[in-house]
Structure formats: C-alpha cells, structure tokens
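Structure first, commentary second.
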Amino acid sequence: MRTVILTACMAVLATGCSGGGSESGTSELSGIIRIDGSSTVFPITEAVAEEFRREFPNVKVPVGVSGTGGGFKKFCIGEIDINDASRLIKEKEEKQGKENSIDYIEIPVAFDGISLVINPKNDFVDHLTVDELKKIWEPGSKVSNWSQVRAGWPDKPMVLYGPGPDSGTFDYFTKAINGKEHVCRPDYTASEDDNVLVHGVSGDQGALGYFGFAYFDENRGKVNAVPVSMNGNAVLPSQKTINDGSYRPLSRPIFIYVSTKSAEREEVQEFVRFYLKNAPKLAADVGYVPLPQDAYDAALECFEKRITGSTFRGSAPGVSVSELLKNRL
C-alpha cells in the first residue's frame with residue numbers, strides 16, 4: 001500500500017497540488033491532527049496527509065488503521081479528531097458521542113466498490129450471484145467446498161478471507177448480502193488489515209475474499225476480481241461501474257467524520273479544506289472513484305457552515321450524493 005501512496009504523491013507533485021490554505025502564514029501552522037479508522041479509506045487519507053505535510057511541515061498528521069468501528073470508539077470519546085469510515089455512523093455510536101459532548105460533520109470523500117476476489121489460479125469461477133454469496137457467507141453456512149456452490153464446479157476446498165467485525169466494509173457487506181449487519185458465519189480468516197487479506201487470497205488456490213476496490217486495484221495479478229450478478233447481470237468492479245451504480249449491490253460512498261470540537265482548530269480547518277480540494281485527484285490516484293466536483297463543493301460548504309449530523313442515514317434510493325448534500329445547505 002505504501003507504494004500506491006507514494007506513487008500518488010509523486011504524481012501530484014509532478015502536476016502541482018492545489019493547497020487549501022491562505023497565501024501568507026500557512027507554512028507556520030502547527031499542531032497535531034489525530035486520525036484513525038477504516039483501512040478502506042486509509043489510502044486516500046494517507047495520500048492527503050502526505051501532501052498536506054509538505055505544505056504545512058509543522059503539522060503532524062498520524063493516520064491509524066483500527067477499522068471503522070475501532071476508529072469510532074476513539075472518536076466518540078474524543079481521542080481522535082477525524083475518523084475514516086467506510087460506513088455511516090451508527091445511532092449507538094452517535095449517542096455515545098453526545099454523552100461525551102462530541103458532535104460530528106459527516107463528509108463523503110469518494111466512491112468504493114467492495115471487491116470479491118479469488119486466487120489467479122482459480123480458472124472456473126466466472127461470476128457469483130448475490131444468492132450464492134449469501135449461501136457462502138450466511139450464519140450457519142456449511143459451504144466448505146466450491147462444488148457446494150454451483151453444480152459442475154470442482155471438488156476443491158474453499159477458504160474464506162474477509163474484514164473483521166470492527167470494519168465498516170464488514171458491516172456493509174453483511175447487510176448487502178445477508179440482509180443485516182454483523183450477521184455472518186464466523187469460520188473465516190478475519191483481519192482489519194486488507195493487506196493481510198490480499199496475502200491470504202494470493203497464497204491459497206481455493207480462496208475467496210473481499211475488501212475495498214483500491215486494494216484489489218493495487219494487487220491486480222496477485223488476486224482476480226469476480227463479477228457479481230444481481231438480477232441476472234454479472235458486473236466486474238471498476239471505476240466506471242462503481243461510479244454509474246451498475247456494480248450492485250456493493251458500491252458505496254466512503255467518508256471522513258470530523259469532530260466539531262476539533263474543527264475549531266485552525267490546523268484541522270486547513271486539513272479538511274485541503275482534503276476536499278485535492279480528493280478528486282488523490283482518490284483516483286490511489287484507486288478509488290472520485291465524487292462529482294459539485295459534491296466536493298457542497299461537502300466543503302457543509303463543513304464551513306458546520307452542518308452536523310448524518311446526511312446519508314435513511315436517504316432514499318437513487319438520490320445522488322450531490323443532491324443529498326445540497327439539500328442540507
């Protein structure tokens with residue numbers, strides 16, 4: 001992953017990165033911005049942090065990876081300023097934050113498509129349906145061999161890899177496939193570190209795993225993506241299919257959550273402005289799908305106006321990110 005981040009940063013340096021600060025005095029900005037959370041969002045946030053530190057060398061921006069849920073545990077008690085999140089904040093997390101006088105600004109930063117992956121030596125899986133995925137991953141599933149998934153597939157052991165329960169990707173996948181968050185068979189290799197999952201699938205011919213699109217994109221050749229079929233149409237994850245919504249049901253926006261207390265500090269304000277002005281370039285560079293520019297513009301306005309609470313919870317199907325944000329303004 002470090003290779004992807006450094007490559008992204010080199011590319012930005014070659015073309016020039018549009019900073020978010022004022023023309024005078026910004027280089028003297030100092031402080032520390034503590035960020036943790038999703039391994040899915042990490043590549044974008046770390047790329048932004050790398051570029052931000054070049055413009056503001058006296059600001060420290062450590063970025064941790066404890067999973068979306070692990071990050072929210074820290075965020076909701078005030079231990080970190082920003083949480084990377086590959087799912088929406090839960091009502092119980094929001095309640096915990098309010099008990100600790102922590103409110104938040106919810107900011108989408110890119111689109112992702114959860115990618116199903118297999119070992120490159122697997123030459124028989126042409127696609128998987130949503131029903132087959134449910135059969136594999138639902139609680140109580142006894143599927144342990146590829147021949148149990150579809151008639152005609154070989155008698156080969158299946159080994160499963162996926163995010164752990166603190167991961168927002170785990171939450172989203174289990175709801176999309178099994179119908180409810182955290183409802184999943186327990187007997188699989190779980191990790192909050194997506195690189196561990198990549199390594200597992202790439203080293204096991206019978207493997208099936210899932211994680212964010214950027215990790216698949218970085219590791220093409222080590223793992224192969226599997227088209228997912230919903231309503232009879234098998235679709236591979238790609239920047240195009242994630243952006244146009246045809247990669248269903250595993251496309252989603254991903255977020256940063258900013259503490260309103262932290263947003264009172266100048267270094268945090270400059271970082272969020274910098275993030276949203278440079279996210280279109282850096283999100284694409286590290287393998288994700290940028291939002292439309294008007295969505296970034298609206299997200300920045302929401303931040304400047306300190307519009308708090310969740311914009312996306314309970315949103316109607318088919319409403320665009322841009323529309324949802326503009327409706328809050």
Side-chain angles (χ1 to χ4, degrees), residues 4-5 7-23 26 35 38 40-52 54-56 82 84-88 104-113 212-214 217 237-248 251-258 263 268-313 315-329:
V4 171
I5 293 167
T7 300
C9 295
M10 291 292 287
V12 173
L13 287 173
T15 58
C17 196
S18 58
S22 60
E23 291 183 1
T26 56
I35 306 174
S38 167
T40 300
V41 187
F42 171 82
I44 306 173
T45 299
E46 178 64 4
V48 173
E50 289 275 359
E51 287 306 313
F52 183 80
R54 294 179 187 277
E55 186 163 333
F56 303 93
I82 296 173
D84 290 338
S86 59
R87 61 159 170 80
L88 299 178
Y104 65 85
I105 305 161
E106 179 184 78
I107 300 174
V109 295
F111 290 123
D112 177 38
F213 179 74
D217 199 41
S238 69
Q239 293 215 1
K240 180 181 183 301
T241 61
I242 293 167
N243 188 41
D244 66 20
S246 61
Y247 183 63
R248 300 175 59 217
S251 296
R252 56 179 177 165
I254 52 180
F255 304 87
I256 59 172
Y257 282 75
V258 183
V268 175
Q269 294 168 18
E270 292 293 348
F271 180 78
V272 174
R273 291 169 186 148
F274 189 95
Y275 200 127
L276 290 172
K277 289 182 179 181
N278 292 286
K281 168 68 173 171
L282 293 176
D285 282 345
V286 300
Y288 286 107
V289 180
L291 304 173
Q293 184 58 51
D294 62 346
Y296 288 115
D297 295 340
L300 180 58
E301 189 173 351
C302 286
F303 174 73
E304 299 292 8
K305 291 181 177 179
R306 304 296 189 265
I307 295 175
T308 61
S310 179
T311 299
F312 292 79
R313 184 187 296 146
S315 58
V319 180
S320 72
V321 171
S322 301
E323 289 177 280
L324 288 169
L325 291 168
K326 289 174 182 178
N327 287 340
R328 296 295 305 278
L329 296 173

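Hydrogens, waters and symmetry mates play no part in the numbers below; they use all other heavy atoms, side chains included.
- The nearest pair of heavy atoms linking Gly212 to Thr40 is CA-CG2, 4.4 Å.
- Here the CD-CG distance, from Glu323 to Asp294, works out to 9.5 Å after rounding to the nearest 0.5 Å.
- Counting only heavy atoms from C-beta outward, the side chains of Glu304 and Arg273 approach each other to under 4.5 Å.
- No side-chain heavy atom of Leu282 sits less than 4.5 Å from a side-chain heavy atom of Tyr275.
- For Tyr296, the ring pair (Phe, Tyr, Trp, His ring centres under 6.0 Å) criterion is met by no residue, not counting sequence neighbours.
- In this structure, the side chains of Leu300 and Lys277 come closer than 4.5 Å at one or more pairs of heavy atoms.
- Taking 4.5 Å as the limit, every side-chain heavy atom of Ser86 sits out of range of all side-chain heavy atoms of Asp112.
- The shortest non-hydrogen separation linking Ala295 to Leu325 is O-CD1, 3.4 Å.
- The two residues Ile256 and Val41 come nearest to each other via the heavy atoms CG2-CG1, 4.5 Å.
- Defined by atom type and a distance below 3.5 Å, a donor-acceptor pair is present between the side-chain atoms of Asp297 and Gln293.
- With rounding to the nearest 0.5 angstrom, the SG atom of Cys302 is 10.0 Å from the CG atom of Asn327.
- When the ring pair (Phe, Tyr, Trp, His ring centres under 6.0 Å) test is applied to Tyr104, the partners found at least two apart in sequence or on another chain are Tyr257.
- In this structure, Gln269 CD and Arg306 CZ are separated by 5.0 Å, a value rounded to the nearest 0.5 Å.
- Closest heavy-atom contact between Val286 and Pro43: CG1-O, 3.9 Å.
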message = Determine whether Leu291 and Val109 satisfy the following criterion, side chain to side chain contact (heavy atoms under 4.5 Å, CB included), listing intermediate values before the conclusion.
response = CA-CA 7 Å; Leu291 304 173; Val109 295; 5.7 Å; no

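- Taking CZ of Phe303 as the reference point, atom CG of Leu276 lies at 8.5 Å (rounded to 0.5 Å).
- The ring pair (Phe, Tyr, Trp, His ring centres under 6.0 Å) search around Tyr288 returns none, not counting sequence neighbours.
- Expressed to the nearest 0.5 Å, how far CG of Asp244 lies from OG of Ser238 amounts to 7.5 Å.
- No donor-acceptor pair under 3.5 Å is formed between the side chain of Asp217 and the backbone N or O of Phe213.
- Side-chain atoms of Ile254 and Ile44, non-hydrogen and from C-beta on, do get closer than 4.5 Å to each other.
- With contacts defined as side-chain heavy-atom distances shorter than 4.5 Å, the pair Ile105/Ile307 does not qualify.
- Between Phe111 and Pro292, some side-chain heavy-atom pair lies under the 4.5 Å cut-off.
- For Asp84, there are no salt bridge (charged side-chain N to carboxylate O under 4.0 Å, His left out) partners two or more places apart in sequence or in a different chain.
- Enclosure of atom CZ in Arg248 is not indicated, since only 12 or fewer non-hydrogen atoms of other residues, nucleotides or ligands lie within 6.0 angstrom.
- With Phe56 as the aromatic partner, Arg54 does not meet the cation-pi criteria of under 6.0 angstrom to the ring centre and within 45 degrees of the ring axis.
- With sequence neighbours excluded, the residues forming a ring pair (Phe, Tyr, Trp, His ring centres under 6.0 Å) with Phe312 are Phe255, listed by chain and number.
- Not counting sequence neighbours, the partners of Arg313 by the salt bridge (charged side-chain N to carboxylate O under 4.0 Å, His left out) test are Glu94.
- Of all non-hydrogen atoms in Glu106 and Leu88, the two that sit nearest each other are OE2-CD2, 3.5 Å.
- For the pair Pro290 and Pro280, the tightest heavy-atom approach, listed with the atom from each and the gap, is CG-O, 3.3 Å.
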